[in-house]
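Comments concern the structure below.
When reading the values below, keep in mind they use all heavy atoms of this one structure, side chains included, and skip hydrogens, waters and symmetry mates. Lettering of chains follows the sequences in order, A, B, ..., and the numbering in each one begins at 1.
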Amino acid sequence: MRAEAAPSFFLNDSPYPIREGVLEAYRELWQRFSQPGDSWSGAQRLAIAQETRDARNCDLCIRRKQQLSPYGLDESHVLTETGELIGATAVDSIHRIVTDPARLSRRMVEDARSSGLSDEQIVEMIGVACVTMAVDEHYRALGLDLEPLPEPVPGPPSGRRLSEDRLEVGTAYVPMLARDGAVGEEADLWSGRRTAIHILRALSLIPDALRDLTILSNEQYLTLEEAPAFALQPKGRAIDRLQMELLATRVSQVNECFY
Amino acid sequence: MAFRVAANMNDTGADVSLLDHAESAPPPGEEQEVAYAVELASFAEALASGDSAELAAARADLDAVAGRAVSADAAAIAANFQCMTRVADATGIPLDTPMMAASQSVRDKLDFHHYASARNSKEIPKPLRPVARLLGKLIPAILKRVRLKL
């Protein structure tokens, strides 16, 4: 069953010519987020998306960022109605991801585990939050109003889990599908390649979270086939590859991302 | 490293120092290694820093010199890396070993070692760093094969 929602991402009166492929990807992502995932319901996934938005104006996060340590303030977020759907630790993690990326650490994941969240819930939460942020940041960058979030599709999460023997544990804070693990139902994940770099595997504990990221990046940035071809100028773009990498690197520098 | 490889592959003399000092790029109207480098860098920085006033000013500057189609695509790239940096640092992935080796000189030059997320990656041992630097020089040649395949 699918919820009927108002059409979104049409931007008929936008002064900026956002490519149709980008808008189509955003529509698809909104539809996917509204559905139950593997470890969160549709309503919970949209609560994650809402918290991603709310974090930008969070007073506690602003004060926390001014502290020498990201854990220097002994205060908790006041939960909203949507926050109650996912719990205090998930809300806290999402806010840290949005507002203080340079100081993310293993502790965030360990705190989430200690509060009872599974690794699958943690990875799916990171995926929904980061992809929502990417869509919103595109609009914010252009001074456009954010698109309303869709209505959730009722139903429980699927509970689907990858078997432990397919996972690589210890390389990152969270388990990832092994390098040669893109087989069977996951054969599409590395786009037909035998192995994948870590950024591609980061969300692979939840294959659909990686698929969300791929849908997004294929349009906002480049496809997996285009990315290593540095000499090719991507078709249909107003900027060239060198300009793209300048933007990418500058954002990464401000966020102090070593990767 | 991606920036340096792209510069090399596209036969420009653009240097990674441009990433730290975009203001040193030639002004509009003069020949530029990266077109609108100053405005693009300011736009990306304003988005990532979260300052709305700074962002509005940077967007207006980019619109004025490059046009709104450039701003629309630039916004998409910057937004994508707002996401990718957070995926990388929230999950704690290390830099892949070949990239770690190939980007040694860039990381030295731009001083990325002090970033908190650097702790997720193992540094190349000092005795192997000359080999890593050599690998960094070979990467563009290797990637040219990718161009031929497509």
Side-chain angles (χ1 to χ4, degrees), chain A residues 15-18 22 56 97 101-106 108-109 123 126 130-131 133-134 137-138 140-143 171-174 197-199 201-203 213 216-217 220-221 225 228-232 237-239 241-259, chain B residues 2-3 5-7 9-10 12 14 18-19 34-37 40-41 43-45 47-50 55-56 59 67-96 99 112 115-118 120-121 143-144 146-147 150:
Chain A
Y16 290 96
I18 299 179
V22 174
R56 282 250 171 246
I97 290 167
R103 298 197 291 179
L104 292 173
S105 67
R106 186 181 294 276
M108 182 193 79
V109 171
V123 170
I126 292 170
C130 290
V131 172
M133 186 174 182
E137 287 293 276
H138 191 183
R140 195 172 70 81
L142 297 175
T171 302
Y173 303 155
V174 294
I197 58 174
H198 291 146
I199 190 64
R201 294 200 296 144
L203 299 177
L213 190 66
L216 175 86
S217 297
Q220 278 193 336
Y221 180 51
E225 289 74 25
F230 285 91
L232 279 184
R237 309 293 178 100
I239 57 176
R241 184 65 191 266
L242 206 48
Q243 291 171 311
M244 292 168 79
E245 298 305 336
L246 173 63
L247 287 156
T249 311
R250 199 71 197 99
V251 169
S252 302
Q253 282 181 286
V254 174
N255 288 330
E256 298 195 357
C257 178
F258 187 78
Y259 193 90
Chain B
F3 177 83
V5 172
M9 297 286 289
N10 289 282
T12 84
L18 187 62
L19 297 169
V34 182
Y36 319 122
L40 289 169
F43 184 57
E45 186 171 333
L47 181 69
S49 65
L55 177 60
R59 183 173 61 245
R68 285 178 164 168
V70 167
S71 297
D73 273 352
I77 299 292
N80 191 256
F81 279 80
Q82 283 279 73
C83 163
M84 301 306 272
T85 53
R86 285 166 170 82
V87 169
D89 291 340
T91 56
I93 51 169
L95 191 57
D96 305 75
M99 282 199 275
F112 291 165
Y115 292 173
S117 56
N120 297 330
S121 303
L143 287 172
K144 275 184 181 172
V146 176
R147 172 168 56 175
L150 282 171

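- When side chains are defined from C-beta on, A:Leu213 counts as touching B:Met84, because their heavy atoms get closer than 4.5 Å.
- Counting heavy atoms from C-beta outward, B:Phe81 and A:Leu247 have side chains that stay 4.5 Å or more apart.
- Considering only heavy-atom pairs separated by less than 4.5 Å from chain B, the leading option among A:Leu142, A:Ile239, A:Val254 is A:Leu142.
- Residues B:Arg86 and A:Asn255 have side chains in contact (heavy-atom distance under 4.5 Å, counting atoms from C-beta outward).
- A:His138 places a side-chain N or O within 3.5 Å of a backbone atom of B:Ala72 that can act as its donor or acceptor partner.
- How far CZ of A:Arg201 is from CG of B:Asp96: 8.0 Å, rounded to the nearest 0.5 Å.
- B:Leu47 touches chain A through backbone and side chain together, each having a heavy atom under 4.5 Å away.
- With rounding to the nearest 0.5 Å, the separation of CG in B:Leu95 from NE2 in A:His198 is 9.0 Å.
- Looking at A:Ile97, both its backbone and its side chain come within 4.5 Å of chain B, counting heavy atoms on both sides.
- For a residue to count as touching a neighbouring chain, one of its non-hydrogen atoms must lie under 4.5 Å from one of that chain's; by this rule A:Ile199 touches chain B with backbone and side chain alike.
- Between chain A and the options B:Gly50, B:Ala69, B:Ala90, the largest number of non-hydrogen pairs under 4.5 Å is found for B:Ala90.
- The main-chain N or O of B:Ala35 is found under 3.5 Å from a side-chain atom of A:Gln243 such that the two form a donor-acceptor pair.
- Checked against side-chain hydrogen bond (donor to acceptor under 3.5 Å, both in side chains), B:Tyr115 has no partners two or more places apart in sequence or in another chain.
- Judged purely by distance below 3.5 Å, without hydrogens or angles, the side chains of A:Tyr173 and B:Asn120 pair a donor atom with an acceptor atom.
- Summarising the geometry of A:Arg250 relative to B:Ala41, their closest heavy-atom pair is CG-O, 3.7 Å, with the distance given to 0.1 Å.
- Of all the heavy atoms in B:Asp89 and A:Glu256, the pair that sits closest is OD2-O, 4.3 Å.
- Proximity to chain B (any heavy atom under 4.5 Å) is shown, for A:Arg237, by both the backbone and the side chain.
- Put simply, the side chain of B:Cys83 does not reach to within 4.5 Å of the side chain of A:Glu137, judged on heavy atoms.
- Annotation: maximal heavy-atom pairing with chain B below 4.5 Å, among A:Ile18, A:Ile197, A:Leu203, A:Leu216, occurs at A:Ile197.
- By the side-chain hydrogen bond (donor to acceptor under 3.5 Å, both in side chains) test, B:Asn80 is found to be paired with A:Ser217, A:Gln220, residues two or more places apart in sequence or in another chain being considered.
- In terms of non-hydrogen atom pairs under 4.5 Å with chain B, the most contact-rich of A:Ala102, A:Ala238, A:Ala141, A:Ala172 is A:Ala141.
- For B:Ala56, no part lies near chain A; criterion is any non-hydrogen pair under 4.5 Å.
- B:Thr91 places none of its side-chain heavy atoms less than 4.5 Å from the side chain of A:Val123.
- Proximity of A:Leu104 to B:Ser117: side-chain heavy atoms (C-beta onward) are nowhere separated by under 4.5 Å.
- Using a 4.5 Å cut-off between heavy atoms, A:Val174 touches chain B through backbone and side chain atoms alike.
- In this structure, chain B has heavy atoms under 4.5 Å from both the backbone and the side chain of A:Ala202.
- Annotation: side chain of A:Gln253 is in contact with side chain of B:Phe112 (closest heavy-atom distance under 4.5 Å).
- Of the listed residues (B:Ala116, B:Pro94, B:Ala44), the greatest number of heavy-atom pairs within a distance under 4.5 Å of chain A belongs to B:Pro94.
- Residues A:Tyr259 and B:Ile93 meet the side-chain proximity criterion, which asks for heavy atoms closer than 4.5 Å.
- For a residue to count as touching a neighbouring chain, one of its non-hydrogen atoms must lie under 4.5 Å from one of that chain's; by this rule A:Met244 touches chain B with backbone and side chain alike.
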